Amino acid sequence: MSKNIQAIRGMHDILPERIALWHRLEDTARQVLSAYGYAEIRTPLVEVTDLFKRSIGEVTDIVEKEMYSFEDRNGDSLSLRPEGTASCVRAAIEHGLLVQPQRLWYRGPMFRYERPQRGRYRQFHQIGVEAFGLAGPDIDLELLLLTARLWRLLGFDSFRLEINTLGDNAERLVYREQLIAYLSAHADQLDADSLKRLHTNPLRVLDSKNPQTQQIVADAPTLMEYLGEETRSHFEHIRQGLDEAGVAYSVNPRLVRGLDYYNRTVFEWITEDLGAQGTVCAGGRYDGLVEQLGGRPTPAFGFAMGVERLVELMSLAGHGTEASVDAYLVAVGDAAQSAAPLLAERLRDAVPQLRLLTHCGGGSFKSQFKKADKSGARFALVLGEDELTRNTFGVKPLRDDSEQCELGFEALAAFLSEQLTHRD
Ligand code: ATP
Ligand code: MG
């Protein structure tokens, strides 16, 4: 016998029992984003490989080892998108969106060839936000406050916010030299990866996970010492805004982020409840990227959150899976069975918010009630010979001890409407 085909390692089915959590997260995010005036954009899952090389950077984990790249039938090198910012910038340039400030968001699957583990997958989902054309710290602050609001609405009250500033290019260049000098002096104590990055991407050494390298890094010069007045006050403004809004944060001078395109503000929201993969949302300012990809110089700020990690937290916090139906229509006997579909349609017209599952396939009252109960519905609506002749429905509550009753069509529609206003 042939072996069953299974999903690709690190790529997961999202089963119906978990989908309510996804919907809750997605719906809440969409509401918050639209309340702040952000518009959704959808871009293809596949782009030319160069887009990611030129934006994320050649010497990054993503481009060096995590991309799903392949040749298409024309021999062009294409890649499954590992993140959303590059595509967003590409689309914004291509469609001339950047003649004015743009507040955009996107969601969908991203692909990275990483070692699968809890909270780290090869296909995972992000909700991302990008604001273009706004240079001041007010937009950085707006987006940090937006994320804080989203966590409040979702009931996450223990996330930690870390922020840092990476300075501007010139400042980083001076700092880079100092850092290389310092790290070179300790080269014999650095791990192999860090040693490799020493000259190509020394800032990444700062967030090395290697304990010995971390010890060296602890005494390294910090970028903060090399910042000019403007960068400093940009950062100050954000700190002050967070203080005034009562959003707690800490400044982490080692926070550099894994992508090359960031400057000035970077941040991460971190949870302690997921083990090692604790970052649930991360981003920052990337003023150089639009120009780097061929557009007019356009300041930008953006971030992405990891949907799987957030959904896992919702599940850990006991957000259950709500029932997906309100009522289950039981119909016994030939006449009732043939009347049921049309009556169900009429009910759906009369009570548009009703989620009604109709029984299909006949059977006894007993077997149909069993299915009704299993469906999670709050009510069984019962149609037998008697009800049919009386032009009524039996209404049997399935989740509490309240009395069964019998209602005519109009009364039933009114009853269900009333019950469903308390649903959400
Ligand atoms: P990490 O340090 O966890 O690898 P990253 O810096 O690579 O994260 P970003 O590219 O900034 O992550 O992506 C933003 C968010 O997307 C992360 O904070 C995380 O929540 C989520 N994320 C990133 N990679 C994965 C993955 N392989 N599986 C699941 N979620 C992911
Ligand atoms: Mg990563």
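Everything quoted here is computed from the prediction, not taken from an experiment. Each residue takes its place number in the sequence, starting with 1. Remember, it's 1-based here, ligands and their atoms both numbered in the order they're listed.
For the side chain to side chain donor-acceptor pair (under 3.5 Å) with Gln277, the qualifying choice from Glu312, Glu308, Gln117 is Gln117, the only one to do so.
Distances shorter than 4.0 angstrom do not occur between any heavy atom of Glu83 and any atom of ligand 1.
Using a cutoff of 4.0 Å between basic side-chain nitrogens and carboxylate oxygens, Glu236 and Arg232 are not scored as salt-bridged. A salt bridge is absent between Glu83 and Arg112; no separation between the charged side-chain nitrogens and carboxylate oxygens falls under 4.0 Å.
Looking at ligand 1, you won't find any N or O of Gln277 less than 3.5 Å from one of its N or O atoms. By the 3.5 Å distance cut-off applied to N or O atoms, Glu114 is counted among the residues near ligand 1.
Contacts of Arg120 with ligand 1, taken as heavy-atom pairs under 4.0 Å, involve both backbone and side chain. Contacts between Gln126 and ligand 1, counted as non-hydrogen atom pairs separated by less than 4.0 Å, involve the side chain only. When non-hydrogen atoms are compared, ligand 1 lies under 4.0 Å from the side chain of Arg257 (C-beta onward) but not from its backbone. If you look at Ile62 next to ligand 1, there are no close heavy atoms at all, none under 4.0 Å.
At most 12 heavy atoms of other shown residues, nucleotides or ligands fall within 6.0 angstrom of atom CG in Asn4.
Here side-chain hydrogen bond (donor to acceptor under 3.5 Å, both in side chains) pairs that include residues 137-147, with residues two or more places apart or in two chains, are Tyr38-Glu142, Arg103-Glu142, Asp140-His234, Asp140-Thr265, Asp140-Arg285, Thr147-Trp269.
Ring orientation note: the planes of Phe159 and Phe156 are close to parallel, at an angle under 30° on the 30°/60° scale.
The side chain to side chain contact (heavy atoms under 4.5 Å, CB included) search around Lys65 returns Asp61, Asp193, not counting sequence neighbours.
Taking a cut-off of under 4.0 Å to the non-hydrogen atoms of Ala304, the atoms of ligand 1 that pass are 14 (C), 15 (C). Less than 4.0 angstrom separates some heavy atom of Thr279 from each of these atoms of ligand 1: 17 (C), 18 (O), 19 (C), 20 (O).
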